[in-house]
There are 4 protein chains.
Amino acid sequence: MAERGYERASIAEIAKAAGLSPGLVHYHFTQKQEVLLALVEQLAQRGRERVKARLARTKGGPRARVEAFLEAFLATGDDAEPEAVAAWVTISAEALRQPEVRAAYDKVVRADLAHLEELVGEVLGRERARAVAAGLFATIQGYFVLSTATPGLIPPGSAVGTVKRMAAGLLDPDGAEARR
Amino acid sequence: MAERGYERASIAEIAKAAGLSPGLVHYHFTQKQEVLLALVEQLAQRGRERVKARLARTKGGPRARVEAFLEAFLATGDDAEPEAVAAWVTISAEALRQPEVRAAYDKVVRADLAHLEELVGEVLGRERARAVAAGLFATIQGYFVLSTATPGLIPPGSAVGTVKRMAAGLLDPDGAEARR
Amino acid sequence: MAERGYERASIAEIAKAAGLSPGLVHYHFTQKQEVLLALVEQLAQRGRERVKARLARTKGGPRARVEAFLEAFLATGDDAEPEAVAAWVTISAEALRQPEVRAAYDKVVRADLAHLEELVGEVLGRERARAVAAGLFATIQGYFVLSTATPGLIPPGSAVGTVKRMAAGLLDPDGAEARR
Amino acid sequence: MAERGYERASIAEIAKAAGLSPGLVHYHFTQKQEVLLALVEQLAQRGRERVKARLARTKGGPRARVEAFLEAFLATGDDAEPEAVAAWVTISAEALRQPEVRAAYDKVVRADLAHLEELVGEVLGRERARAVAAGLFATIQGYFVLSTATPGLIPPGSAVGTVKRMAAGLLDPDGAEARR
DNA sequence: CATGAATGAGGGTTCATTCAT
DNA sequence: TATGAATGAACCCTCATTCAT
């Protein structure tokens with residue numbers, strides 16, 4: 001599904017790639033959609049682990065923790081998973097049409113966003129945390145889309161740095177805005 | 001295609017919605033894909049006009065012009081076009097798989113991004129403008145995705161304000177970062 | 001469908017028998033079920049014509065008209081249509097499960113039964129006509145089933161005569177019962 | 001099978017309803033068809049018992065015994081088994097296509113019919129008994145079909161009475177016909 | 001420029017049946 | 001006896017595309 005998209009990934013091909021017979025796929029998954037839902041869960045799980053791992057080795061304060069979260073999604077190192085990113089973009093597109101996919105996607109996004117909001121909340125007051133977290137999260141999603149759909153457009157390696165500067169600006173209590 | 005997605009939007013249904021016969025659609029478009037490519041062009045055109053209109057009525061300096069650009073994509077007023085946003089998200093997902101769509105998408109994104117980069121360049125030096133513009137553009141794309149795939153998640157009306165604050169932070173010469 | 005039954009009559013086979021491509025069958029019939037519904041209509045039409053024709057050439061009184069109706073369904077002559085009978089039995093079985101088929105079947109049966117009831121009503125009072133007509137109609141249906149499912153069981157040619165005697169008994173005002 | 005029809009009653013579902021595993025069903029029945037054949041036997045057995053029970057408590061003469069037989073199949077009381085009737089209609093439809101089912105169905109019908117013929121033979125001479133019994137049996141089958149496929153059409157409770165009057169007419173030695 | 005019937009490949013899904021355990 | 005994963009054929013249905021008119 002990451003390679004071909006949801007519709008063009010046929011059950012027959014999925015089965016073949018997994019070394020299964022087409023019938024067996026339907027023995028384990030009632031519908032094709034459930035394969036996608038399972039993928040959502042898998043990616044969500046992997047994402048949570050990445051965040052957890054990054055936070056675990058973060059020594060700094062609240063700001064550093066927010067940055068660790070952003071790095072977990074955007075760092076381009078050995079652990080970058082371009083296929084997972086492509087899968088995630090595919091899922092978000094399917095979430096527009098399939099209610100069940102939307103529900104699963106929504107749940108994952110809410111959980112991640114809640115986590116980021118919590119981290120942001122340690123720096124800012126709660127009232128602004130929601131919008132700030134949502135903005136940073138949107139930036140992550142946007143980088144996902146652009147990095148897969150228009151490869152080469154984003155200056156390589158710039159994503160993490162840029163989003164961190166965005167975070168810095170948003171988390172700055174007396175804001176750049178104030179100084180204008 | 002905005003409603004059903006590319007694959008599920010059948011030529012027959014498209015024709016019906018347009019008051020045409022299926023055969024006539026193929027008289028004007030060699031392949032189904034061309035309908036999508038035409039949609040890309042249409043949306044791009046509309047987007048350019050929105051930006052142009054916003055910039056035309058902007059009185060402020062360079063910073064205000066950057067903000068006008070951001071507003072053109074994210075302002076939630078009478079001229080909001082949720083269906084166009086859904087179409088755009090669909091297009092970006094198709095760009096992952098179909099080379100021709102990718103090319104068209106890429107072209108549009110590059111043009112828009114170049115425009116934003118130019119506006120940003122009036123504030124910052126050229127060297128940082130690219131990454132900053134890319135970051136802000138990614139945020140816009142991300143808001144597009146989240147607003148259509150998880151409606152209700154983004155605090156209503158917060159997008160423009162948040163992205164403006166992000167811009168302010170990024171455009172601030174001695175940056176919040178510097179003060180840390 | 002008359003030959004193989006509803007489930008085992010595949011669209012591919014139906015198409016082939018009709019000299020059509022499978023896709024074309026679905027161009028004219030939304031679902032396989034609609035083919036069956038069309039068959040119901042066709043059989044009903046043919047049935048009505050048979051009754052009409054028999055009644056047209058009947059010279060006798062009300063009793064003869066009832067008998068003409070019965071003959072239209074059970075006479076075993078040149079115009080016997082064993083395949084139509086098999087189709088009708090198949091339809092009645094499908095009517096048990098498929099609501100749409102049931103509705104179509106019900107409509108046809110009600111119309112035929114109403115006609116018979118009217119004919120019977122000319123002999124008996126209205127109040128008993130319903131039950132008598134229903135009984136004779138049931139006998140017709142039963143002969144249909146038995147003649148196709150257990151060929152050779154029914155003494156050849158006995159159906160019409162027997163059901164006419166049944167009718168005579170039921171239509172007899174002072175009934176055989178009375179004399180017991 | 002009574003609920004869904006033969007084809008749509010999957011082994012998996014049958015197994016589940018019986019609290020068995022699909023594999024075990026095939027341990028006891030070589031083919032799915034055998035499940036249907038077993039059902040035929042079961043229904044036949046139950047039918048024979050019903051007739052036997054009715055005859056056992058019948059005090060009257062030959063005519064009463066014929067009526068007892070008819071009541072065994074059509075009486076609508078506490079012991080009515082609509083599901084069994086639906087099953088029987090299903091079986092008769094399958095008998096049209098599957099030779100083995102036809103054989104089983106044929107055997108059961110012949111046995112029942114022979115019994116009825118015997119009872120009728122005690123009133124009439126042997127030579128007419130066959131056709132009369134077949135007619136009455138056909139009526140029973142027809143009521144089965146109509147009562148399940150078009151519920152509400154047959155005046156409730158009218159079946160037994162009507163078929164008894166039919167029997168009376170047929171069994172009347174100097175027949176209604178004679179008096180016409 | 002326009003219609004809409006026609007094609008045929010391909011996809012999701014079901015399911016009787018098998019079989020290792 | 002019993003399980004339930006596994007198979008693979010078959011089926012209904014969809015749909016982009018073609019084409020005679």
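Within every chain, numbering begins at 1; the chains are lettered A, B, ... in the order of the sequence lines, protein sequences first and strands thereafter. Computed over heavy atoms, backbone and side chain alike; hydrogens, waters and symmetry mates excluded.
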ask   = Which one is paired to E:dA20, where only Watson-Crick or G-U wobble pairs with both distances under 3.5 angstrom count?
value = F:dT3
query = Is any side-chain N or O of D:Gln31 closer than 4.0 Å to OP1 or OP2 of E:dT17?
reply = yes
ask   = Under 3.5 Å, side chain of A:Glu34 to main-chain N/O of A:Thr30, donor-acceptor pair present?
value = yes
note = When rounded to whole Å, the CD1 to P distance for the pair B:Ile14 and E:dG4 reads 18 Å
key: Which residue lies more 5' along DNA chain F, comparing C:His26 with A:His28 via nearest heavy atoms   = A:His28
task = Mind calculating the distance between CG (C:Leu36) and C1' (F:dC12) to the nearest angstrom?
result = 15 Å
task = Measure the distance from CD on D:Glu13 to P on E:dT14 and round it to the nearest whole Å.
result = 12 Å
Check nucleotides 7-11 of chain F for protein N or O atoms closer than 3.5 Å to its own N or O atoms and list the pairs.
| from | atom 1 | to | atom 2 | distance (Å) |
| --- | --- | --- | --- | --- |
| F:dT7 | OP2 | A:Ser21 | N | 3.4 |
| F:dT7 | OP2 | A:Ser21 | OG | 2.9 |

task = Output yes when D:Glu94 and D:Arg102 qualify as a salt bridge under the 4.0 Å nitrogen-oxygen rule, no when they do not.
result = no
message = Could you tell me how far apart B:Phe29 (CZ) and E:dA2 (P) are, to the nearest whole angstrom?
response = 13 Å
message = I'd like to know if D:Glu41 pairs up with D:Arg46 as an ion pair, taking the criterion as any Lys NZ or Arg NE/NH1/NH2 lying under 4.0 Å from an Asp or Glu carboxylate oxygen.
response = no
ask   = Across all strands shown, which nucleotide pairs with E:dG12 by Watson-Crick or G-U wobble geometry, both distances under 3.5 Å?
value = F:dC11
message = To check you understand the geometry: which heavy-atom pair defines the closest contact between B:Ala12 and B:Pro22, and what is its length?
response = CA-CG, 4.5 Å
ask   = Quick check: does any side chain N or O of C:Tyr6 sit under 3.5 Å from a backbone N or O of C:Gln33, one acting as donor and the other as acceptor?
value = yes
note = Tightest non-hydrogen contact, residues A:Phe137 and B:Leu146, listed as CD2-CD1, 3.9 Å
